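Right, one structure below, let's go through it.
Reminder, nothing fancy here: chain letters follow the sequence lines and each chain counts from 1. What you see is a predicted model, and the numbers here were worked out from it, not measured in a lab.
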Protein chains: 2
Amino acid sequence: MLNQVTDLDRVFHALSDPGRRLMLERLSEGPASVSELGRPLAMSLAAVVQHVQVLEDSGLVRSQKLGRTRTCRLNPATLRSAEHWISESRGLIERRLDRLGEYLAESAGSPDPGPAGTAS
Amino acid sequence: MLNQVTDLDRVFHALSDPGRRLMLERLSEGPASVSELGRPLAMSLAAVVQHVQVLEDSGLVRSQKLGRTRTCRLNPATLRSAEHWISESRGLIERRLDRLGEYLAESAGSPDPGPAGTAS
DNA sequence: CGCATACTCAAGCGCATGCTTAACCAAGTG
DNA sequence: CACTTGGTTAAGCATGCGCTTGAGTATGCG
């Protein structure tokens, strides 16, 4: 719950690249080799390897080498932790907005009394 | 569904910074001013403004200036689109793993028949 | 064996990011 | 009015990121 923060850094950063997301989408349909992941991407194999490394460092992907090919597979648990962070924040504010809506509906006409609370 | 991709770039990139996530958590409890968002962050106001700019470009945050203070508030819709992308990928692979589990339970002993499909 | 395949590693390059300081402006406050 | 507070903008700098090339290693195949 605390050092997960730095984990989230890596996860969201990994997710912020369209090429890496494409790899993940591919991986969500089943395991794949490194060169297979990079095939639709128009870049050198070395670059693909670096992307895979980012994904693996983030925990989104795990891989193992069998013979001379490295097989990657998605790790849903890490994906879930990112999803969890988002849904927490989103849930929080949506509940807040709901309550605000009710409040405004009840006492229509009054301005927001104190949205931020401690305003120094 | 298509040009959302570049939007997701910005959203996930915005989420990849711990300071920005802290701002979002703050914002999920209600609107706040720029200097208020930056108070716990140990950096100059100018830097905070730049972070807010990133959040706003991503669509995660909207703001309006009233008097001399800019008030920021969270936009749950954008948060939801990021959550949606993740849950899609995660759902896909978890269903796949479930099916694989059933398959392995039924015909125990057989190897995976063809996980990637088109292996060229 | 020789040759292709599938990476792996290191160095380097250009550009973006994250921050700083400094100057500036506008809005409240005494 | 002077002064402070809150924010904006621009310039500059250090670091990191994404990619390349080039060389090397290990595996599979005929």
Side-chain angles (χ1 to χ4, degrees), chain A residues 5-24 26-27 31-58 60-73 111 115-116 118-120, chain B residues 5-24 26-27 30-58 60-73 115-116 118-120:
Chain A
V5 181
T6 49
D7 281 342
L8 278 184
D9 284 18
R10 281 191 275 271
V11 172
F12 284 127
H13 172 243
L15 290 175
S16 73
D17 184 88
R20 286 193 289 259
R21 282 202 309 278
L22 216 159
M23 293 180 183
L24 292 176
R26 176 76 168 74
L27 248 27
S33 72
V34 172
S35 48
E36 210 169 337
L37 286 177
R39 190 139 21 222
L41 279 186
M43 64 177 68
S44 73
L45 220 192
V48 176
V49 170
Q50 286 169 49
H51 280 299
V52 169
Q53 194 59 46
V54 169
L55 290 170
E56 207 161 355
D57 288 348
S58 75
L60 284 168
V61 161
R62 303 222 243 124
S63 75
Q64 56 183 339
K65 198 155 185 180
L66 214 80
R68 62 178 166 170
T69 75
R70 157 159 267 124
T71 303
C72 308
R73 58 195 73 234
T118 56
S120 168
Chain B
V5 180
T6 48
D7 281 342
L8 279 183
D9 283 17
R10 281 192 275 271
V11 172
F12 283 128
H13 172 244
L15 290 174
S16 73
D17 184 88
R20 285 194 289 259
R21 281 203 309 279
L22 216 158
M23 292 180 184
L24 292 176
R26 177 76 167 76
L27 247 28
S33 71
V34 172
S35 49
E36 210 170 336
L37 286 177
R39 190 140 20 223
L41 280 187
M43 64 177 68
S44 72
L45 220 193
V48 176
V49 170
Q50 287 168 48
H51 279 300
V52 169
Q53 194 60 44
V54 170
L55 289 171
E56 208 161 354
D57 288 348
S58 75
L60 284 168
V61 160
R62 304 221 244 123
S63 75
Q64 56 182 339
K65 198 155 184 179
L66 215 82
R68 62 176 168 171
T69 76
R70 171 172 302 275
T71 303
C72 308
R73 58 196 73 234
T118 57
S120 172

Checklist outcome for this item: From CD of A/Gln53 across to C1' of D/dC19 the rounded distance in Å is 16 Å
Item to check | Heavy-atom closest contact (A/Cys72 atom, A/Val34 atom, distance) | outcome: SG-CG2, 4.2 Å
Item to check | Atom-pair distance (CD on B/Gln64; C1' on D/dG7), nearest Å | outcome: 16 Å
Item to check | B/Asp57 CG - C/dG18 P separation (whole Å) | outcome: 12 Å
Checklist entry - Relative to the 5' end of DNA chain D, which residue comes earlier, A/Ala42 or B/Arg70, by the nucleotide with the nearest heavy atom? => result B/Arg70
For nucleotides 26-30 of chain D, list the nitrogen or oxygen atoms of the protein found under 3.5 Å from its nitrogen or oxygen atoms, one pair per line.
unit_1: D/dT27; atom_1: O2; unit_2: A/Arg68; atom_2: NH1; d: 3.1

Item to check | Whole angstrom value for the distance that separates P of D/dT5 from CZ of B/Arg39 | outcome: 12 Å
Checklist entry - Starting at CG of B/Leu55 and ending at C1' of C/dT17, how long is that distance when rounded to a whole Å? => result 14 Å
Checklist entry - Which heavy atom in B/His13 sits nearest to a heavy atom in A/Ser16, and how many Å separate them? => result N-CB, 3.5 Å
Checklist entry - Whole-Å distance between D/dG18 P and A/Arg21 CZ? => result 13 Å
Checklist entry - Does the side chain of B/Thr69 get closer than 4.0 angstrom to OP1 or OP2 of D/dT5 through an N or O atom? => result no
Checklist entry - At their closest point, which heavy atom of B/Met23 faces which heavy atom of B/Leu41, and how far apart are they? => result CE-CD1, 3.4 Å
Item to check | Shortest non-hydrogen contact from B/Arg20 toward B/Asp17 | outcome: N-OD2, 3.0 Å
Next on the checklist: So if I take residues 44-51 of chain B and measure heavy-atom distances to DNA chain C, which residues fall below 4.0 Å?
Outcome noted: B/Ser44, B/Ala46, B/Ala47, B/Gln50, B/His51
Item to check | Nucleotide nearest A/His13 (side chain, heavy atoms from C-beta), chosen from D/dC17, C/dT17, C/dA6 | outcome: D/dC17
Item to check | Rounded distance in Å - NZ (B/Lys65) to C1' (D/dT9) | outcome: 11 Å
Item to check | Spacing of A/Met23 atom CE relative to D/dG18 atom P, expressed in whole Å | outcome: 11 Å
